[in-house]
Amino acid sequence: MREMLTGGELDVLTGDYLAELTMLILGRDRLKDPSAGYARTFLRQLEETLGLAHERGVRIVTNAGGLNPAGLADAVRALADRLGIPVRVAHVEGDDLGPRYPGSLTAHAYLGGFGIAACLREGADVVVTGRVTDAALVTGPAAAHFGWGPTEYDRLAGAVVAGHVLECGTQATGGNYAFFGEGDIRRPGFPLAELHADGSSVITKHPGTGGFVDVGTVTAQLLYETGGARYAGPDVTARLDTVRLTQDGPDRVRIDGVRGEAPPPDLKVGRTRIGGFRNEVVFVLTGLDIEAKADLVRGQMAEAFGKSAPQEVRWDLVRTDRADAGTQETASALLRLVVRDPEQAVVGRALSGAAVELALASYPGFHVLAPPGKGAPYGVFEAAYVPQGEVDHVAVLADGRRVPVPPAADTLGPDDVDGLDDVEGLGGLDDVPQPPLPEALPAGPVRRAPLGLVAGARSGDKGGDANVGVWVRSEVAWRWLAHTLTVDRFRELIPESGGLRVTRHVLPRLRALNFVVEGLLGAGVASQHRFDPQAKALGEWLRSRHLDIPEDLL
C-alpha cells in the first residue's frame with residue numbers, strides 16, 4: 001500500500017482480500033469470535049498508510065470486510081481516531097445470506113459496484129465491502145467518478161475488464177507469467193489502470209517499479225479464472241470476445257473496444273461448509289521394486305483399517321525416483337495417502353496408528369515424510385443463485401444513513417441466452433456462437449517439442465472447475481494453435497481430464513483458447529482434492545507436454 005501511495009499519482013487505491021478459501025477461513029474465525037470475520041491484515045497495512053492516503057487525497061476501496069464489513073468499518077474509524085486523521089468511512093452490506101442456507105458456514109452473494117459508487121458519491125474516503133465481485137472494486141469508483149448509469153453497459157464492461165486485470169495484483173506485471181524470463185520480475189510492482197469516461201483504459205504501473213506490462217501479461221490475466229466470451233457480473237455482462245489490446249508504450253497496454261450486455265437476472269451466492277475431516281501421510285519408497293513396495297503398504301494399510309476404514313481413501317504414487325541415482329532423494333518415490341471422513345477420530349487415530357505400527361514391519365527402507373496428525377477439517381465450496389431483487393444491497397454512509405441500491409433494471413432473460421455456467425462472481429452466459437477459425441497452416445516440416453515454446457498459458461480455479469487459458473503472440477502461431485489444440489488433443493495432453501466435461505472457448509482477438517475442465521478440483525480448493533488444489537500449475541503442465549509443432553514456429 002505504501003508503494004502505491006508514494007510511487008506516483010493515484011485517485012483510488014483498491015484492495016482485493018477475498019477468495020473462496022478466504023471466506024472459509026474467515027468463517028472459521030467467526031466461529032471462535034463473533035466480532036471477527038474481516039481481514040485483519042488490512043488494518044495493519046492501513047495503520048502505516050492512512051495518513052499518506054489522507055494527505056494525497058487518495059480514496060481507499062476494499063473488500064477486506066469479508067463477513068463483517070460493519071465491524072471493519074468501525075475498526076477503521078477507531079484507528080483513524082487514534083491516529084488523529086479525519087476520514088469518512090462507509091461500508092456496503094447485504095451480501096450475507098446465511099439464514100437462507102442452513103448448514104452453511106458462510107453464504108454470501110456477489111454484489112456489484114453501485115453500492116461502492118453510492119458511498120463515494122456521498123464523500124466517503126474509505127469504503128469497506130463484504131463479498132463483491134473482484135471487478136466491482138473498480139467499476140464502483142469508475143461509475144462514481146464518471147457518473148455512469150446502470151445501463152451504460154459498454155462503459156461498465158470496460159471497467160470490469162480493467163478490474164479483472166487488476167484484481168490479482170502483480171499477475172498483470174509479470175508475476176506468475178509464462179514468459180517470465182523476458183523481464184526482471186524479482187519484485188514486480190503492482191498494476192494500475194488509467195480509466196477513461198468511454199470505458200477504455202490503460203494498464204500500467206508506477207515508474208521505477210519492477211516487472212513489466214505488455215500485451216502478453218495482460219492477456220494472461222484476462223484469461224485467468226474465466227470461461228467463454230460472456231463474462232457475467234451483477235452490473236454488466238462483459239464480452240471478452242470484443243476486447244482489443246494494444247501496446248501503448250513501455251509498460252502501457254491500452255484496452256478498448258469492450259462491449260457490454262445486460263447482466264443475468266440472478267446473483268451468484270458462494271457457500272462454504274465443513275465437509276468433514278482430512279489427514280494424509282506420505283510414504284517414501286527408495287531404490288528397487290517401487291511398484292511392489294507400494295502394493296505391499298497399500299495392502300497392509302487396508303488390512304489395518306479393517307471395518308473402520310475412512311469414508312474416502314485415495315492413494316497417489318509419484319514417481320520422482322531415477323535409476324542409478326546419485327542421491328538418496330532422487331532414488332526415492334513418494335506414495336501419498338489421503339483419507340477423509342465425517343469423524344475426526346477415523347482419520348486421526350486410525351490413520352496414525354495404522355501407519356506408525358508398520359514402521360518395522362513393511363517394505364525395506366520404510367519411512368514417512370512426517371507422522372500423521374490428528375486430522376483437520378476441510379471445507380467445501382458450492383455455488384447457488386438468487387434473483388437480484390431478493391438481495392438487500394445497501395450503502396451505509398459515514399453519517400449512518402442507509403441508501404438502498406436497486407437491482408439491475410434490465411437483465412438477460414431466457415430468450416437471450418441458453419444456460420448458465422460458473423465464472424467470476426456470477427453465472428456466465430455462454431450461448432455466443434463459436435467464431436470462425438483462421439485458415440489452417442499449410443503442411444510442412446514439424447518437430448516434436450513442448451507446447452510452451454510457442455504458447456503461453458495461465459490456469460486457475462472456480463469452485464470444483466479449473467480453467468486453462470492458452471495464447472500465442474503471432475497470427476501464424478494462432479492459425480496453428482486454433483486447429484491443433486482441440487478438446488481431444490487437450491484430453492491427450494492432460495489425461496486427468498479424461499471422463500470430465502471439457503469445453504473449449506475460442507477468443508480470436510486475444511489469439512487465445514480457454515479450456516474449462518469441470519470437476520477436476522472436486523469440491524474446490526478447501527477440499528484439497530488433488531496435488532495442485534487450485535490448478536495454478538495446470539497451464540505449465542500443459543505447456544511442458546510435447547506435440548508436433550511446425551518448424552517455422554520454433
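The backbone N or O of A535 sits less than 3.5 Å from a side-chain atom of S459, completing a donor-acceptor pair. Between the side chain of T173 and the backbone N or O of G189, at least one donor-acceptor pair lies under 3.5 Å. For the pair E20 (side chain) and G463 (backbone), a donor-acceptor distance under 3.5 Å is present. Panel note: side chain N467, backbone L223; a donor-acceptor pair is recorded below 3.5 Å. Within the 3.5 Å criterion, the main-chain N or O of R314 finds no donor-acceptor partner in the side chain of R340. Of the possible polar contacts, none joining the Q171 side chain to the N176 backbone as a donor-acceptor pair under 3.5 Å is found. When atom types are taken as modelled, the side chain of D95 and the backbone of V132 share no donor-acceptor pair closer than 3.5 angstrom. Between the side chain of W148 and the backbone N or O of A197 there is at least one donor-acceptor pair closer than 3.5 Å. Checked by atom type and distance alone, the side chain of R121 pairs as donor or acceptor with a backbone atom of A143 at under 3.5 Å. In terms of modelled atom types and a separation under 3.5 Å, the side chain of T14 and the main chain of V61 share no donor-acceptor contact.
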L351 and L337: CA distance, side-chain angles, deciding distance, side chain to side chain contact (heavy atoms under 4.5 Å, CB included) verdict: CA-CA 10 Å; L351 176 64; L337 169 61; 3.6 Å; yes
message: Using salt bridge (Lys or Arg N to Asp or Glu O under 4.0 Å), reason through R278 and E280 one step at a time and then give a plain yes or no.
response: CA-CA 7 Å; R278 177 189 181 280; E280 71 174 77; 2.8 Å; yes
Working for side chain to side chain contact (heavy atoms under 4.5 Å, CB included), residues R254 and H196: CA-CA 11 Å; R254 181 170 297 279; H196 300 280; 4.2 Å; yes
- request: Could you please spell out the steps behind the side chain to side chain contact (heavy atoms under 4.5 Å, CB included) verdict for R82 and E47?
  value: CA-CA 10 Å; R82 178 163 59 83; E47 184 164 8; 3.2 Å; yes
- request: Please assess R131 against V269 for the test side chain to side chain contact (heavy atoms under 4.5 Å, CB included), listing each intermediate value before the final yes or no.
  value: CA-CA 9 Å; R131 180 73 275 186; V269 180; over 6 Å; no
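Under the 6.0 Å distance and 45° angle rule, R155 does not count as a cation-pi partner of F146. Both the sub-6.0 Å distance and the 45° axial angle are satisfied by R40 relative to the ring of Y38.
Residue F277 places its CZ atom among more than 12 non-hydrogen atoms of other residues, nucleotides or ligands, all under 6.0 Å distant. Counting non-hydrogen atoms of other residues, nucleotides and ligands closer than 6.0 Å to CZ of R28 gives a total of 12 or fewer. The environment of H206 atom NE2 is dense: over 12 non-hydrogen atoms of other residues, nucleotides or ligands sit within 6.0 angstrom. Counting heavy-atom neighbours within 6.0 Å of E3 CD, excluding the residue itself, gives a total above 12. For D184, the CG atom sits in a packed shell: over 12 heavy atoms of surrounding residues, nucleotides or ligands are nearer than 6.0 Å. For F180, the CZ atom sits in a loose shell: 12 or fewer heavy atoms of surrounding residues, nucleotides or ligands are nearer than 6.0 Å. Within 6.0 Å of CG in D392 there are 12 or fewer heavy atoms belonging to other residues, nucleotides or ligands. The environment of CZ in R77 is crowded: more than 12 heavy-atom neighbours from other residues, nucleotides or ligands sit within 6.0 Å.
Here the CG atom belonging to L43 is positioned 10.5 Å from the CG atom belonging to L50, to the nearest 0.5 angstrom. T226 OG1 to R458 CZ: the interatomic distance, rounded to the nearest 0.5 Å, is 11.0 Å. To the nearest 0.5 Å, atom CZ of residue R252 and atom CG of residue D214 are 14.0 Å apart. Rounded to the nearest 0.5 angstrom, D465 CG and L520 CG are separated by 8.5 Å. Expressed to the nearest 0.5 Å, how far CG of L192 lies from NZ of K205 amounts to 9.5 Å. Interatomic distance, I203 CD1 to I255 CD1, rounded to the nearest 0.5 Å: 4.0 Å.
N279 and P372 get closest at one heavy-atom pair: ND2-CB, 3.9 Å. S201 and L195 get closest at one heavy-atom pair: CB-CD2, 3.8 Å. Taking both residues in full, the closest heavy atoms of C119 and V127 are given as CB-CG2, 3.7 Å, listed atom of the first, atom of the second, then distance. Contact detail for L111 and A136: the closest heavy-atom pair is O-CB, 4.1 Å. What you find for A53 and I60 is that their closest heavy atoms are CB-CD1, 3.9 Å. Between P191 and M4, the closest heavy-atom pair is O-CE, 3.9 Å.
Between R402 and D399, none of the side-chain N atoms (NZ, or NE/NH1/NH2) sits under 4.0 Å from a carboxylate O, so this pair counts as no salt bridge.
Using a 4.5 Å heavy-atom threshold, the side chains of T106 and L24 count as separate. The shortest distance between side-chain heavy atoms of M23 and L18 falls below 4.5 Å. Taking the side chain as every heavy atom from C-beta outward, R56 and T6 approach each other to under 4.5 Å. Residues E122 and V403 have side chains not in contact (no heavy-atom distance under 4.5 Å, counting atoms from C-beta outward). At least one side-chain heavy atom of F190 sits under 4.5 Å from a side-chain heavy atom of T170. Looking only at side-chain heavy atoms (C-beta outward), P407 and V391 stay at 4.5 Å or farther from each other. Side-chain contact check for H91 versus L72: every heavy-atom pair is 4.5 Å or farther apart. Considering only heavy atoms from C-beta on, L222 stays 4.5 Å or farther from Y224 through its side chain.
Aromatic ring pairs are classed by plane angle as parallel below 30°, tilted from 30° to 60° and perpendicular above 60°; the pair H164 and Y231 is tilted.
Checked options K462, R273, K268; the residue passing with E382 is R273 (criterion: salt bridge (Lys or Arg N to Asp or Glu O under 4.0 Å)).
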